[in-house]
Protein chains: 2
Amino acid sequence: MKRHVLIYGLIGGILISVLKWTEYRFLVIEHSFEIYGGLIAATFAVLGIWLGLKLTGTRQRVIVKQVSVVKGVSVPASETFVPDERKREDLGITRREFEILELIAQGLSNREIAGKLYVSENTVKTHSSRVFDKLGAKRRTQAVQLGKEFGLLP
Amino acid sequence: MKRHVLIYGLIGGILISVLKWTEYRFLVIEHSFEIYGGLIAATFAVLGIWLGLKLTGTRQRVIVKQVSVVKGVSVPASETFVPDERKREDLGITRREFEILELIAQGLSNREIAGKLYVSENTVKTHSSRVFDKLGAKRRTQAVQLGKEFGLLP
DNA sequence: TCTGTCGTCATCCTTTCGGGTGATTTTGGC
DNA sequence: GCCAAAATCACCCGAAAGGATGACGACAGA
């Protein structure tokens with residue numbers, strides 16, 4: 001972080017020096033303000049973007065997963081996982097819709113899901129659309145991710 | 001993060017005020033090149049930083065922390081999830097490809113990933129195609145599922 | 001019986017994905 | 001510096017996914 005600021009300042013200083021130098025050397029003062037201004041603007045805009053990006057660290061969000069303990073032995077959550085029924089109902093997701101969500105999470109295509117549940121592909125699409133809507137997802141991958149965050153999926 | 005932007009903005013504002021004041025009070029226009037230059041520089045630096053931050057979006061990484069509950073008290077079970085690097089290399093998946101896989105798992109579209117990584121959508125598609133191939137997946141949802149099974153994703 | 005919810009299915013249309021191919025540029029290791 | 005791997009980008013095309021809307025039967029509960 002400090003390095004960046006330092007470099008930033010240094011470049012600024014150099015730029016100013018260069019400007020001074022050119023000004024006194026060639027007396028190019030007339031109408032050059034706009035040019036120099038544009039130059040400075042462009043340079044600092046680029047530098048600013050760069051700095052902004054450098055300054056942006058990875059924000060981390062910690063999700064807590066509970067692991068049950070049976071007879072003193074901890075069992076991985078994956079084996080114990082129970083979908084949060086309350087959350088499901090809170091979100092207004094029906095059992096059938098949730099079923100589709102689970103199969104989506106397993107990486108199945110709509111067609112495969114339709115075949116598995118003995119319904120038409122259109123039906124699957126309807127259910128998935130609804131569940132996406134209720135989860136606030138725009139894509140199935142996002143639906144899976146949100147489903148996990150809501151405790152609906154392992 | 002926000003502090004920086006705030007400070008920069010403040011300095012910009014102060015500079016503008018000072019400039020206005022001097023200009024209208026004493027008509028000190030000559031030799032103000034440095035002032036104007038500095039002002040422009042500051043302004044565009046702020047703009048650049050803001051732009052940079054805007055463009056970067058919320059780069060967040062979800063870390064899964066497992067917790068056991070013993071006698072009603074949560075106890076950390078396993079630490080932060082660490083992707084299995086060996087497995088990744090065994091599968092011949094490059095870092096970049098893996099990076100795309102992670103973003104896919106987070107539910108982003110190819111376009112969003114492209115925007116986030118500052119590459120073209122085509123590039124994202126190439127990477128994803130390759131990673132799907134290496135994982136043996138036909139869909140992105142399946143890739144995520146397989147990624148989990150291989151210990152590459154949480 | 002009427003109403004609301006759920007599950008089912010369809011059609012039309014747009015967007016996104018994914019496969020295939022080829023090419024150029026960057027990078028890392030020797 | 002040279003070479004191979006990695007990363008980048010483009011274009012085409014078909015398949016899959018998703019949005020919007022409408023419809024119809026089953027069933028539960030007021």
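All values reported here derive from a predicted model rather than from experimental measurement. Proteins get letters first, then strands, A, B, ... in listed order; numbering begins at 1 in each.
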First of B:T126 and B:G92 reached from the 5' end of DNA chain D, by closest nucleotide: B:G92
Strand-adjacent residues in residues 128-140 of chain B, judged by heavy atoms under 4.0 Å from DNA chain C: B:S129, B:F132, B:K138, B:R139, B:R140
A:H127 side chain near C:dT8 phosphate (N/O to OP1/OP2, under 4.0 Å): yes
Nearest-0.5 Å distance that lies between atom CZ in A:R88 and atom CD in A:E85: 4.5 Å
Atom pair distance, as rounded to whole Å: CD in B:E89 and P in D:dA5: 15 Å
Residue pair A:L153 / A:F98, side-chain heavy-atom distance below 4.5 Å: yes
Touch class at under 4.0 angstrom, heavy-atom based, for B:T123 against every strand present: base
Short side-chain donor-acceptor distance under 3.5 Å, B:T123 and B:S120: yes
Divergence of helical axes at both termini of the helix from C:dT1-D:dA30 to C:dC30-D:dG1 - five pairs an end, 10° steps: 60°
ILVMFWY network linking A:F132 to A:L108, side-chain heavy atoms under 4.5 angstrom: yes
Rounded interatomic separation in angstrom, taking CZ from B:R96 and P from C:dT27: 11 Å
Any side-chain heavy-atom pair of A:S128 and A:I104 under 4.5 Å: yes
Donor on one side chain, acceptor on other, B:E102 and B:Q106, under 3.5 Å: no
hydrophobic_cluster_shared for B:V144 and B:V124, side chain cutoff 4.5 Å: yes
Separation of atom CZ in A:F98 from atom P in C:dG7, rounded to whole Å: 13 Å
Gap separating the CG atom of A:L135 from the CG atom of A:L101, nearest 0.5 angstrom: 6.0 Å
Closest non-hydrogen atom pair between B:E112 and B:G107, with its separation: OE1-O, 4.3 Å
Nearest atoms (heavy-atom pairs only) where B:E97 meets B:G92: OE1-O, 3.9 Å
Contact residues, residues 99-121 of chain A to DNA chain C [heavy atom, < 4.0 Å]: A:V119, A:S120
Nearest-angstrom distance from the residue atom CZ of A:R95 to C1' of C:dT5: 14 Å
B:R96 and B:E99: CA distance, side-chain angles, deciding distance, salt bridge (charged side-chain N to carboxylate O under 4.0 Å, His left out) verdict: CA-CA 5 Å; B:R96 196 57 159 172; B:E99 207 176 342; 3.0 Å; yes
B:T94 side chain, from C-beta outward: closest of C:dG7, D:dA6, C:dA10: D:dA6
d(NZ, A:K125; P, C:dC12) in whole Å: 12 Å
Nearest-nucleotide pick for B:N122, side chain only, options being C:dG7, D:dC11, D:dT8: D:dC11
